[in-house]
Amino acid sequence: MNLLELQQRLGARVRSTIEEKFVSFPPVQGEIPPRTELGDVAFPVAFEVAKRLKQEKGERANPRAIAEALKAALEAEAGVARVEVAGAGYLNVFYDRAQSLQHLVDSSDAPAALPQDDASEKSKVIVEHTNINPNKAAHIGHLRNGVLGDTFVRVLRATGATVEVQNYIDNTGVQVADVVVGFMHIEHMALEDVRRLDESLTPERPFDYYCWDLYAQVGLFYRRGDAEGKEDPELLKLRSDTLHAIEAGDNPTAELADYIATRIVECHLKTMGRLGIRYDVLPRESEILSLRFWDRAFGRLKETGAIRFETEGRNANCWVMPADSHTGTDEHDADKIIVRSNGTVTYAGKDIAYQLWKLGELGLDFYYKPFQQYVDGHVVWVTTSQPPTDEAMVANQPPKFGGGSIVYNVIDSRQSYTQDIVQRGVQAVVPGLAREPSVHLSYEMVALSPAASEELGFELSAEDRARPHIEMSGRKGLGVKVDDLIDRLEANALNEVDTRHAELSPEEKFETARTIATGALRYFLLKWTRNSLIAFDFKEALSFEGETGPYCQYAAVRANSIFRKLDDDTLARARAFAKGLAGSEPDAEAVRQIFAGEGGDELWSLLTQAARLEETTAQVAAQAEPAYLAKYTFQLAKAFNLFYHRHRIIAEENETRRVVLINIADLVRRQLTAALATLGISVPERM
RNA sequence: GCACCCGUAGCUCAGUUGGAUAGAGCGUUUGACUUCGAAUCAAAAGGUCGUAGGUUCGAGCCCUACCGGGUGUACCA
């Protein structure tokens with residue numbers, strides 16, 4: 001369902017007419033006028049034509065006259081009712097509204113035929129998101145990553161792409177090591193003790209919450225209890241020793257680390273699952289190390305000369321990636337160390353190896369085993385260093401992971417510099433790939449408003465209180481845990497449902513509340529453009545009114561309620577009427593009268609807005625900006641709410657008018673539901 | 001120092017690639033439930049688009065300089 005084809009056809013016609021009558025001209029796009037009275041699509045090309053005429057032929061022409069000359073060609077096109085020349089030379093096209101309605105209803109029946117350009121080999125898109133350090137509960141900042149990534153995945157799938165979702169697990173990093181230090185040196189626990197502790201924990205304070213607190217304690221521990229003090233080098237040695245033990249593997253410390261990381265990943269998946277966020281595969285850093293991915297990437301980097309060995313200077317005995325611009329006084333200032341002087345590899349190096357694998361350019365693969373299964377049977381796989389041994393594992397083969405034609409990495413903007421290094425490394429090794437095969441999908445962080453910070457019980461200095469926002473800190477334990485926030489949203493939603501729909505069963509009430517909470521939270525995180533920093537505020541995040549997910553859901557619920565009261569036969573007849581418009585001129589004329597009459601522009605405007613979902617989705621996929629889809633959905637919901645308020649549909653007495661209203665409401669509710677689904681938000685029965 | 005991001009209504013933000021009269025939400029004020037549900041709708045007030053130049057038919061958007069804020073710039077991950 002879209003009007004894009006018509007728009008594109010008109011654009012092509014404009015161009016060919018210009019070339020025929022005036023000068024050579026680039027492809028024209030057409031744009032949506034700011035107001036319905038100005039038409040359905042506008043071509044402000046006359047100014048450019050006048051300029052080109054002057055430049056290329058020395059002719060002086062009036063833009064208005066040029067627009068007039070193009071008008072006739074457009075008026076001859078099918079689907080066009082009339083064309084106006086406005087202002088200094090705008091060419092405004094008005095569609096035939098009856099014909100458009102017929103077309104929209106007709107095409108909405110066919111399941112959106114995906115453009116299967118080449119069935120032989122469909123390329124795969126990989127999206128990597130979430131990537132939370134597996135050492136504590138997820139906070140709202142982590143959630144922004146997950147929601148952004150998951151929504152982008154849904155957008156890509158809506159455009160027909162095949163998408164693989166990866167969640168990278170850094171199970172051998174310092175953050176995990178810190179919690180291991182906490183268990184071993186603060187709590188004096190070994191693996192068995194931690195296991196027993198884990199089993200004894202209550203749902204109010206599960207394992208990831210426990211580790212959240214412990215991690216904050218470790219931060220203090222390194223500072224000998226003084227939050228403002230310096231870290232004690234002697235205690236920091238515990239961290240590096242632990243880290244080395246984890247990387248080496250095959251020892252009690254590494255086993256404890258593995259237990260913690262695995263359990264926390266389970267918690268994270270459960271948390272994300274509450275919002276419908278899912279994964280296909282969990283590549284782990286431990287396997288990148290043990291399967292020697294880095295060694296292979298290292299060789300490739302050396303071969304291509306992307307990195308070089310320093311024999312002197314401050315980076316002596318390191319492998320560095322030279323900076324491409326030398327702005328500092330010392331030209332080595334900006335060089336990035338990839339391999340340290342002690343021979344170990346930095347994060348950037350490991351990430352280059354991982355990216356190469358994702359693009360199918362490393363020449364190595366992981367082994368896999370099932371990690372968990374969602375209720376619908378979908379399996380999440382995790383990497384492992386051992387080939388399958390027993391028969392059951394051999395029989396249960398994973399899909400082919402990695403080898404994407406394009407890779408999106410959802411990573412916050414603070415890591416732009418490092419990501420840049422990684423991109424350069426990848427491009428040096430595989431120069432033949434399409435431009436930017438690996439895309440950093442960056443976004444700003446979520447910080448806390450001073451009020452939110454105090455609500456969490458953190459004392460603020462006068463200086464902090466004056467700041468626009470306060471950065472969350474896992475080390476200080478300062479942050480809004482995702483599960484806490486969802487719990488509050490669900491409780492609030494349940495409260496509302498309870499007062500509005502006392503007749504529902506407790507299960508129905510809870511399910512409705514859950515859906516509303518998900519809608520509120522996902523929309524809250526999606527309505528901001530990626531490079532807008534979110535200063536988290538409880539009042540705003542907990543709101544169900546105004547520009548929120550529940551507002552959009554409510555519009556869809558209302559639309560559905562119309563059709564619950566309408567018998568199926570009426571709907572079928574209404575659709576048949578719309579489809580038959582092409583064959584009945586009197587009916588078509590009656591429909592035109594309705595759109596031309598009182599409030600007709602408003603009806604038409606709602607219809608065209610609903611028709612633009614596919615176009616918007618494609619744009620969101622191209623620009624990787626899910627906020628546009630959120631805005632679109634809200635605007636459609638808003639327009640529908642107005643329509644709903646202005647018109648009584650079932651009670652409408654004029655038969656033709658009633659049929660038109662039914663068709664509009666039907667198309668809008670379907671598009672609205674589809675838009676929400678792409679945002680990961682479903683529509684409850686009642687709310 | 002250098003690099004990137006940001007500066008639009010009281011607050012928080014959009015502004016779809018340079019188009020027509022600058023848009024939402026929240027907050028404030030005021031109206032609308034006997035209706036397909038008011039988690040809604042309508043109306044009002046609120047703007048020197050940080051400042052100063054420039055580019056052109058046209059600039060919130062592009063260029064230059066400056067002012068103010070943020071984030072990076074590790075032999076951390």
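What you see is a predicted model; the values in this text were computed from it and never measured.
Checking A:Gln635 against A:Ala493, the closest nucleotide of RNA chain B that is more toward the 5' end is the one next to A:Gln635. Between A:Ile650 and A:Arg646, it is A:Ile650 whose nearest contact on RNA chain B lies nearer the 5' terminus.
Base orientation for B:rC33: syn, the chi torsion being within 90° of 0.
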Inset, instruction - For the pair A:Lys509 and A:Glu496, evaluate salt bridge (charged side-chain N to carboxylate O under 4.0 Å, His left out) and give the outcome as yes or no after the intermediate values. - result: CA-CA 10 Å; A:Lys509 281 181 191 165; A:Glu496 297 288 332; over 6 Å; no

Legend entry - Derivation of the side-chain hydrogen bond (donor to acceptor under 3.5 Å, both in side chains) call for A:Thr172 and A:Glu247: CA-CA 6 Å; A:Thr172 57; A:Glu247 283 185 11; 5.3 Å; no

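Among B:rU21, B:rG25, B:rA14, the nucleotide with an atom closest to any side-chain atom of A:Arg35 is B:rU21. Nearest to the side-chain atoms of A:Tyr554 among the listed nucleotides B:rA20, B:rG72, B:rA39 stands B:rA39. Considering only the side chain of A:His645, B:rC41 comes nearest among B:rA24, B:rU35, B:rC41.
As rounded to the nearest Å, B:rG69 and B:rU64 have P atoms that lie 22 Å from one another. B:rG58 and B:rU17: their C1' atoms are spaced 16 Å apart (whole Å). Across B:rG70 and B:rC13, the matching P atoms stand 14 Å from one another, rounded to whole Å.
For A:Asn92 and B:rA20, a side-chain-to-base donor-acceptor distance below 3.5 Å is present, hydrogens and geometry of angles not being considered.
Within the structure, a side-chain polar atom (N or O) of A:Arg340 is placed less than 4.0 Å from OP1 or OP2 of B:rC76.
A heavy-atom distance below 4.5 Å is found between the side chains of A:Asn131 and A:Asn167.
Stacking here means ring centres nearer than 5.5 Å and ring planes tilted less than 30 degrees, and by that measure A:Phe634 does not stack onto B:rA24.
For the pair A:Arg52 and A:Phe25, the cation sits on the ring face: its NZ or CZ lies under 6.0 Å from the ring centre, inside 45° of the axis.
Across the protein-nucleic acid pair, A:Leu243 atom CG and B:rA77 atom P stand 8 Å apart, rounded to whole Å.
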